[in-house]
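Keep in mind that this is a model prediction, so the values were computed, not measured. Quick note on labels: first sequence line is chain A, next is B, and so on, each numbered from 1.
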Amino acid sequence: MAHPLHSPILDWYAEHNRDLPWRRPEATPWGILVSEIMLQQTPVVRVLPIWEEWMTRWPTPEALAKEPPGEAVRNWGRLGYPRRALRLHACAKAITESWHGEVPSTYDDLRTLPGIGDYTAAAVASFAYGKSHAVLDTNVRRVLARTIRGEEYPPKATTTPEKRLAESLIPPIGAPRWAVAVMELGALVCTARSPRCADCPVSSRCAWLLAGKPAHDGPERKGQTYAGTDRQCRGRLLAVLRDAPGPVEKALLDAVWADAVQRERALDGLLADGLAELVDDDLYALPG
DNA sequence: GAGGCGTGGAC
DNA sequence: TGTCCAAGCCT
């Protein structure tokens, strides 16, 4: 069923899409899966160099599965949310051991892999295997909230109506291209702050624009503080382990965070998450 | 389902 | 040295 948004957005995408390596025809399902995990909550420009390094070093799931998980964490660099590196390593092992080294091709099978939730399973099934799914990421949710619902931002958590709306918009042919086109529009034009409505292919049909761009109405959108948090402390500690060639004395960890109580709590968290290991008395390392 | 989980660029 | 936020997932 053709929808009035289809042609303008698909035509816009044909003209304005970015040439990203994981979108090229030669990209493998593994490369696409790696890109999707790396792109979670992370800007494209920061992912690009790390993705290239990973693909050169670990072009297949088997190649990564042979490495200790700490190597995945080390080569994650400063992408953020390093548990993703651990989960990607676990994905590589599961794919190697349970899927004969082939990235599974269905949504349900992808969902069984660690770190792959609703969005990523739909994205990999669509972009790597051409399947038809509602690919509902933050960009798509924002575009639909504005164009269809006439609101500045979508709800905090994905709702059933949003899911049904996205499903109703899937074209019978070319679902993956439609998905990536809407995402790209959200990423480049219909951005969270300062949307470029003058450059938007559906500005004449956008319910939010037509309503005069009313400001977000509802509960405050949580702004996360970072300085002084356990998250920052974990990041400092892990950076020490990542940047050292081998195990490090605890004194080196103690040196990067003054508050001992918080520091111990953060270190315990890293150990519990499997991002760090105690290899000897007062000697810590990335997981081997 | 609310909260935890990194990092750095743009304002 | 503040706020927002960038292709989410897990508990």
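Among the heavy atoms of the strands, none lies under 4.0 Å from Trp76(A). Leu20(A) comes within 4.0 angstrom of a nucleotide base, judged by non-hydrogen atoms across all strands.
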Polar atoms only, N or O, under 3.5 Å: list the protein pairs with nucleotides 9-11 of chain B and their distances.
none

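Between Leu20(A) and Trp51(A) there is no side-chain heavy-atom pair separated by less than 4.5 Å. Side-chain contact between Asp268(A) and Leu271(A) is present, with at least one heavy-atom pair separated by less than 4.5 Å. Side-chain contact between Leu185(A) and Val140(A) is absent, with no heavy-atom pair separated by less than 4.5 Å. No side-chain heavy atom of Leu110(A) sits under 4.5 Å from any side-chain heavy atom of Thr120(A). Annotation: side chain of Arg263(A) is not in contact with side chain of Leu253(A) (no heavy-atom distance under 4.5 Å).
A ring pair (Phe, Tyr, Trp, His ring centres under 6.0 Å) check over residues 265-288 of chain A, counting only residues at least two apart or in different chains, returns nothing. Sorted by first and then second residue, the pairs that involve residues 44-71 of chain A and meet salt bridge (Lys or Arg N to Asp or Glu O under 4.0 Å), not counting sequence neighbours, are Arg57(A)-Glu67(A), Arg57(A)-Glu71(A), Glu71(A)-Arg74(A).
For Arg78(A), there are no salt bridge (Lys or Arg N to Asp or Glu O under 4.0 Å) partners at least two apart in sequence or on another chain. The salt bridge (Lys or Arg N to Asp or Glu O under 4.0 Å) search around Arg236(A) returns none, not counting sequence neighbours. Every residue meeting the salt bridge (Lys or Arg N to Asp or Glu O under 4.0 Å) condition with Arg83(A), not counting sequence neighbours, appears here in chain and number order: Asp273(A).
In the region residues 231-244 of chain A, proximity to DNA chain B at under 4.0 angstrom, judged on heavy atoms, holds for Arg231(A), Arg234(A), Gly235(A), Arg242(A). Applying a 4.0 Å cut-off to non-hydrogen atoms, none of the residues of residues 136-152 of chain A approaches DNA chain B. For DNA chain C, the neighbouring residues in residues 108-132 of chain A, judged by any heavy atom under 4.0 Å, are Pro114(A), Gly115(A), Ile116(A), Gly117(A), Asp118(A), Tyr119(A), Thr120(A).
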Which pairs of donor and acceptor atoms, one on a side chain in residues 170-184 of chain A, lie under 3.5 Å apart (sequence neighbours left out)?
| from | atom 1 | to | atom 2 | distance (Å) |
| --- | --- | --- | --- | --- |
| Glu184(A) | OE1 | Arg18(A) | NE | 3.4 |
| Glu184(A) | OE1 | Arg18(A) | NH2 | 2.7 |
| Glu184(A) | OE1 | Arg23(A) | NH2 | 2.7 |
| Glu184(A) | OE2 | Arg18(A) | N | 2.9 |
| Glu184(A) | OE2 | Arg18(A) | NE | 3.0 |
| Glu184(A) | OE2 | Arg23(A) | NH1 | 3.1 |

Only pairs under 3.5 Å count here: list side-chain donor-acceptor contacts from residues 141-150 of chain A, not counting sequence neighbours, and write none if there are none.
| from | atom 1 | to | atom 2 | distance (Å) |
| --- | --- | --- | --- | --- |
| Arg141(A) | NE | Thr158(A) | OG1 | 3.4 |
| Arg141(A) | NE | Glu162(A) | OE1 | 3.4 |
| Arg141(A) | NE | Glu162(A) | OE2 | 2.8 |
| Arg141(A) | NH2 | Pro155(A) | O | 2.5 |
| Arg141(A) | NH2 | Ala157(A) | O | 3.3 |
| Arg141(A) | NH2 | Glu162(A) | OE1 | 3.0 |
| Arg141(A) | NH2 | Glu162(A) | OE2 | 3.4 |
| Arg142(A) | NE | Cys190(A) | O | 2.7 |
| Arg142(A) | NH2 | Asn139(A) | OD1 | 2.9 |
| Arg142(A) | NH2 | Gly186(A) | O | 2.8 |
| Arg142(A) | NH2 | Cys190(A) | O | 3.2 |
| Arg146(A) | NE | Glu152(A) | O | 2.8 |
| Arg146(A) | NH1 | Thr191(A) | O | 2.8 |
| Arg146(A) | NH2 | Glu152(A) | O | 3.4 |
| Arg146(A) | NH2 | Thr191(A) | O | 3.3 |
| Arg146(A) | NH2 | Ala192(A) | O | 3.1 |
| Thr147(A) | OG1 | Val143(A) | O | 2.7 |
| Arg149(A) | NH2 | Glu151(A) | OE2 | 3.3 |

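Looking at Asp281(A) and Lys250(A), no side-chain N of the basic residue comes within less than 4.0 Å of a carboxylate O on the acidic one, giving no salt bridge.
Note: CG (Leu33(A)) to P (dA7(C)) measures 18 Å, nearest angstrom. Distance, Tyr153(A) OH to dC4(C) C1': 9 Å, rounded to whole Å. In this structure, the OH atom of Tyr81(A) is 11 Å from the C1' atom of dG3(B), given to the nearest Å. Leu39(A) places its CG atom 12 Å from the P atom of dC9(C), with the value rounded to the nearest Å. Following rounding to the nearest Å, Trp257(A) (CH2) and dG6(B) (P) show an atom-to-atom distance of 12 Å. In this structure, Trp51(A) atom CH2 and dA6(C) atom P are separated by 23 Å, rounded to whole Å. Here the P atom of nucleotide dC10(C) and the CG atom of Leu86(A) are 13 Å apart, to the nearest Å. Rounded to an integer number of Å, the gap from Glu36(A) CD to dC9(C) C1' is 14 Å.
Nearest to the side-chain atoms of Gln40(A) among the listed nucleotides dC9(C), dA6(C), dC5(B) stands dC9(C). When distances run from any side-chain atom of Asp230(A) to the nucleotides dT7(B), dC5(C), dC5(B), the shortest one goes to dC5(B).
OP1 or OP2 of dC5(C) has not a single side-chain nitrogen or oxygen of Tyr226(A) nearer than 4.0 Å.
Trp208(A) belongs to no hydrophobic cluster with other residues, because no ILVMFWY side-chain heavy atom falls under 4.5 Å from its own, directly or through intermediates.
Rounded to the nearest Å, the gap between the C1' atom of dT7(B) and that of dT1(C) is 15 Å. dC9(C) and dG1(B) have their C1' atoms separated by 14 Å, given to the nearest Å. Only the C1' atoms considered, dC5(C) is 13 Å distant from dG6(B), to the nearest whole Å.
Counting distance only, with no hydrogens placed and no angle test, the side-chain atoms of Thr225(A) and the base atoms of dG2(C) include no donor-acceptor pair under 3.5 Å.
The number of heavy atoms from other shown groups lying within 6.0 Å of NZ (Lys93(A)) does not exceed 12.
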